[in-house]
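These notes are about the structure you will find just below.
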Amino acid sequence: MPMTSPNPPFLLSVNQLHAGIEDKPILKGIELKIKPGEVHAIMGPNGSGKSTLSSVLAGHPQYTVTRGEVWFNGKSLLEMEPEVRAREGLFLAFQYPVELPGVSMTNFMKTALQEQYLHQEREPLNAKSYLAYQKQKQAEVQLDSRLGSRSVNEGFSGGEKKRNELYQMAMLQPKLAILDETDSGLDIDALKIVAQGVNALRSPDRSFLVITHYQRLLEYIVPDVVHVLYNGVIVQSGDAALALELEKHGYDPIKARFQ
Amino acid sequence: MSQDVLESHVNSEYKWGFSSDVDAETFPKGLNESVVRALSAKKQEPLWLLEYRLKAYRQWLNMSPPHHWANFKYPQIDFQNISYYSAPKKLPSLKSLDEADPELLKTFEKLGISLEEQKRLTGVESQIAVDAVFDSVSVKTTFRETLAEKGIIFCSFSEAVQEHPELIKTYLGSVVPASDNYFSALNAAVFSDGSFCYIPKGVRCPMELSTYFRINAQGTGQFERTLIVADEDSYVSYLEGCTAPRRDEHQLHAAVVEIVAHTRAEVKYSTVQNWYPGDADGKGGIFNFVTKRGICLGDHAKISWTQVETGSAITWKYPSVILKGHNSIGEFYSVAVTNNHQQADTGTKMIHIGKHTRSTIISKGISAGKSHNSYRGLVQVRRGASQARNFTQCDSLLMGDQCGAHTFPYIELKDSSAIAEHEATTSKIGEDQLFYCRQRGLDPEQAVALIVNGYCKDVLNKLPMEFAVEAQKLLSISLEGSVG
Ligand SMILES: Nc1ncnc2c1ncn2[C@@H]1O[C@H](COP(=O)(O)OP(=O)(O)O)[C@@H](O)[C@H]1O
Ligand SMILES: [Mg+2]
């Protein structure tokens with residue numbers, strides 16, 4: 001297998017990806033190409049495979065890839081352990097962030113950052129500069145500093161958990177951030193804060209894959225490309241206007257066409 | 001949880017498993033009355049103590065090993081195949097370490113136990129006085145003079161028998177009678193050494209006291225005896241650590257610890273138990289049968305047990321508190337980790353006798369590999385212990401699906417105004433928790449260490465600072481190899 005990507009202009013290149021759980025196929029030939037700096041949105045009805053796609057890209061051991069390949073920043077993604085993918089700059093904001101009782105946020109993020117720096121052969125931050133960095137990032141995503149000193153997600157409200165995902169993203173500065181329904185369950189104010197956070201992090205060398213069920217979020221995070229995922233395949237791609245169209249007609253026409 | 005992720009593959013490395021070539025005097029194997037007499041003579045004990053031993057020995061002969069645990073499997077112990085005394089021939093003198101066997105000094109150096117009284121820059125508060133016990137004898141007790149200035153007695157048990165016989169006579173067996181159980185009877189008959197500590201009235205012990213137990217000799221058992229007496233209005237924090245070489249055969253450790261807390265006295269007793277646990281196939285390891293008990297004799301006395309149990313092939317211990325004084329307090333904070341083929345049956349007994357007595361029990365059991373981990377606890381409120389309160393929180397964490405966690409709470413309330421609350425949870429380290437950590441760049445071992453340490457936080461917080469750091473590391477090491 002070649003060690004470098006045949007498609008250097010893409011940060012992420014997903015080719016004919018098939019994956020499932022146990023014997024059940026869920027992703028059935030995903031094609032997806034994201035250039036550095038681009039924001040892509042994936043929409044689709046519940047159960048179409050959006051979370052599965054994000055989990056497979058992040059390397060969740062529960063899923064089995066049966067076919068296809070994925071290139072990330074010139075490297076073969078599927079051959080890497082999940083933690084290596086993370087250290088290489090892939091970040092997943094979980095749809096359902098888990099609680100880690102008794103594990104302090106600071107300890108957790110410090111360890112995560114340390115591993116990333118080690119991997120990138122950078123000088124790790126000392127305690128003082130770490131705390132300054134943490135403070136700056138908490139301010140950036142308007143995370144209540146009290147949350148930052150609690151245990152990871154323990155007793156956080158739904159909105160606080162989502163905000164915490166965003167904070168971790170800001171801390172880790174990924175090359176590709178996948179946001180799995182970060183907007184779901186948020187009221188409009190919380191959603192705006194999430195959108196602001198994402199927009200503040202947009203940069204020419206950072207790409208986003210924004211998974212959402214609703215068009216709502218895309219009013220605040222304007223995507224370069226919108227894809228529709230249905231039944232494990234991307235059935236339609238277009239620009240931001242596609243999202244508006246889906247909003248108007250719902251998913252029924254898509255379901256009818258691709259049943 | 002998928003097998004491939006959490007099944008154990010690698011055996012963790014027991015870092016304290018080296019053995020030392022120390023020239024020792026060792027009794028031939030076997031146990032009978034003349035062995036008990038020889039032991040007592042060796043230590044030049046007074047007659048009353050010899051009689052105490054002999055009485056215990058005769059009681060022991062008529063007792064049988066405890067077998068109330070259904071989950072335990074272990075080979076019968078051949079008590080005739082154990083040597084009951086082994087001591088290095090060249091021990092340091094009171095004044096200097098020079099006369100000691102260099103191998104002996106090297107051993108403690110390797111274990112990170114300081115036998116020198118280094119003055120640390122941070123002052124007396126962070127100093128730790130150590131009684132170092134090697135097989136059947138105490139090698140050295142540091143800071144004796146500093147402590148003596150405050151009237152504190154801290155020395156080996158054998159010395160205490162010679163120098164403070166009245167105290168030993170008063171308190172020995174007063175909390176754990178020889179006849180209490182099979183192993184306490186055995187210990188009373190053949191105990192070799194251990195620590196003695198007395199804090200006089202109104203004295204706050206200025207440093208942590210600690211005993212470090214090292215088993216070295218092959219084919220021996222270790223039967224140490226510790227006695228702590230805290231007189232009125234005194235305070236002491238006591239630490240206990242232990243390790244043993246990696247050996248293929250099982251070795252027996254049957255200790256007794258007694259604590260007496262007088263009116264308004266407070267004793268904190270912390271243990272990091274790290275005896276050799278045996279290898280990944282369950283070969284070797286220490287059988288750890290220990291009786292630890294404290295009594296709050298006076299009103300407003302307080303005894304806290306904190307333990308981190310990571311070692312031993314089998315652990316059987318129930319550090320307990322008899323709450324006799326009114327308004328006295330008993331606490332038990334425990335983390336017990338079992339991996340591979342280890343078995344632990346541990347918990348506590350809180351006996352409420354005085355009025356307004358309170359007890360708290362926090363137990364965290366973590367099982368990995370093919371191990372079994374049981375919490376067994378008794379909360380007993382006697383008639384007349386009005387307004388007694390107990391709170392018990394008992395959590396089990398499972399790693400993988402070949403291990404077992406069991407909870408046996410016994411609650412006996414004989415006073416209608418008493419309240420005992422019991423909460424229990426069982427959880428697994430979720431694959432989703434593990435994945436969440438890995439997605440942030442942590443490798444599986446780091447993730448497990450972080451999750452487990454978080455899970456045990458309430459208990460680890462109770463340990464003295466330096467011990468807590470060591471305990472955290474130990475937890476990670478004990479669970480090494482429990483994720484694939
Ligand atoms: N852990 C799982 N076990 C069994 N089926 C699953 C699991 N995860 C997802 N699926 C199935 O895969 C399909 C896609 O699910 P998911 O990726 O969560 O969709 P979406 O995020 O688009 O709502 C659904 O039919 C769902 O039932
Ligand atoms: Mg989903």
Side-chain angles (χ1 to χ4, degrees), chain A residues 21-22 54-55 57-64 80-105 107-120 150-154 161 164-165 167-169 171-174 177-178 180, chain B residues 1-7 9 308 333 335 362-364 366 393 395-397 399-400 423 425-463 468-469 471-473 475-476 483-484:
Chain A
I21 198 158
E22 277 145 25
S54 59
S55 296
L57 291 178
H60 199 301
Q62 199 175 13
Y63 299 90
T64 318
M80 296 178 209
E81 293 294 333
E83 57 272 25
V84 179
R85 299 181 198 199
R87 294 169 198 161
E88 284 280 323
L90 186 141
F91 181 89
L92 171 59
F94 285 78
Q95 183 173 2
Y96 304 108
V98 301
E99 300 190 2
L100 304 175
V103 178
S104 84
M105 272 302 300
N107 199 0
F108 183 61
M109 277 330 287
K110 213 157 88 184
T111 314
L113 209 61
Q114 214 162 22
E115 284 306 313
Q116 192 193 62
Y117 277 38
L118 214 64
H119 183 76
Q120 297 170 352
R150 296 216 326 238
S151 295
V152 181
N153 293 324
E154 194 182 22
K161 283 183 183 167
N164 191 16
E165 294 293 285
Y167 160 65
Q168 295 178 42
M169 174 170 87
M171 288 290 284
L172 294 170
Q173 305 258 322
I178 305 170
D180 190 0
Chain B
M1 187 159 311
S2 69
Q3 286 288 7
D4 52 331
V5 175
L6 283 180
E7 195 157 313
H9 289 310
V308 175
Y333 302 103
V335 169
I362 310 274
S363 161
K364 308 272 179 181
I366 299 153
Q393 166 96 43
D395 299 323
S396 311
L397 186 67
M399 301 177 57
E423 289 174 12
T425 64
T426 299
S427 47
K428 277 192 165 196
I429 287 196
E431 194 163 49
D432 286 335
Q433 285 179 320
L434 217 50
F435 182 61
Y436 190 79
C437 295
R438 295 180 77 184
Q439 210 303 302
R440 298 301 185 248
L442 277 61
D443 64 41
E445 308 251 297
Q446 275 176 321
V448 167
L450 211 61
I451 293 168
V452 166
N453 275 308
Y455 176 79
C456 301
K457 201 173 80 177
D458 294 346
V459 173
L460 298 178
N461 279 348
K462 302 288 174 189
L463 290 172
V469 174
Q472 277 187 9
K473 282 190 207 140
L475 283 183
S476 319
V483 283

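By convention in this document, chain letters (A, B, ...) are assigned in the order of the sequence lines, proteins followed by strands, and residues within each chain are numbered from 1.
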With only heavy atoms counted, which part of Cys456(B) is less than 4.5 Å from chain A, the side chain, the backbone, both or neither? neither
Per-residue contact mode, Leu90(A) against chain B (heavy atom under 4.5 angstrom): both
For Pro97(A), which atoms come within 4.5 Å of any heavy atom of chain B: side chain, backbone, both, or neither? both
Is Phe108(A) close to Leu442(B) at the side-chain level, that is, under 4.5 Å between some pair of heavy atoms? yes
Check whether Val84(A) gets within reach of chain B through its side chain, its backbone, both or neither, counting any heavy atom under 4.5 Å. neither
Identify, with sequence neighbours excluded, every residue that meets salt bridge (Lys or Arg N to Asp or Glu O under 4.0 Å) alongside Glu81(A). Arg438(B)
Does Lys110(A) NZ have over 12 foreign heavy atoms under 6.0 Å away? no
Can you say whether Glu99(A) sits under 4.5 Å from chain B via the side chain, the backbone, both, or neither, judging by heavy atoms? backbone
Whether the side chain of Gln439(B) engages the backbone of Ala86(A) through a donor-acceptor N/O pair (distance < 3.5 Å, no angle test) should be reported. no
Closest non-hydrogen atoms of Leu450(B) and Val103(A), given as atom of the first, atom of the second and distance, are O-CG2, 3.3 Å
What part of Gln116(A) is in contact with chain B, defined as an atom under 4.5 angstrom from a non-hydrogen atom: side chain, backbone, both or neither? neither
Smallest heavy-atom separation, Gly59(A) atom then Phe435(B) atom, equals C-CE1, 3.5 Å
Which answer fits Ser55(A), side chain, backbone, both or neither, if we ask what part of it has an atom under 4.5 Å from a heavy atom of chain B? backbone
Answer yes or no: are there more than 12 heavy-atom neighbours, outside Glu22(A) itself, under 6.0 Å from its atom CD? no
Separation of Arg87(A) CZ from Arg440(B) CZ (nearest 0.5 Å): 14.0 Å
Given heavy-atom pairs under 4.5 angstrom as the criterion, report whether the side chain, backbone, both or neither of Tyr436(B) touches chain A. both
Going by distance alone, is a donor N or O of one side chain under 3.5 Å from an acceptor N or O of the other, for Glu83(A) and Gln446(B)? no
From Phe94(A) atom CZ to Asp432(B) atom CG, the distance as rounded to the nearest 0.5 Å: 8.0 Å
How many angstroms lie between CG in Asp443(B) and OG1 in Thr111(A), if you round to the nearest 0.5 Å? 10.5 Å
Pairwise side-chain contact, Glu431(B) with His60(A), heavy-atom cut-off 4.5 Å (strictly under): yes
Please classify the contact of Leu172(A) with chain B as side chain, backbone, both or neither, using a heavy-atom distance under 4.5 Å. side chain
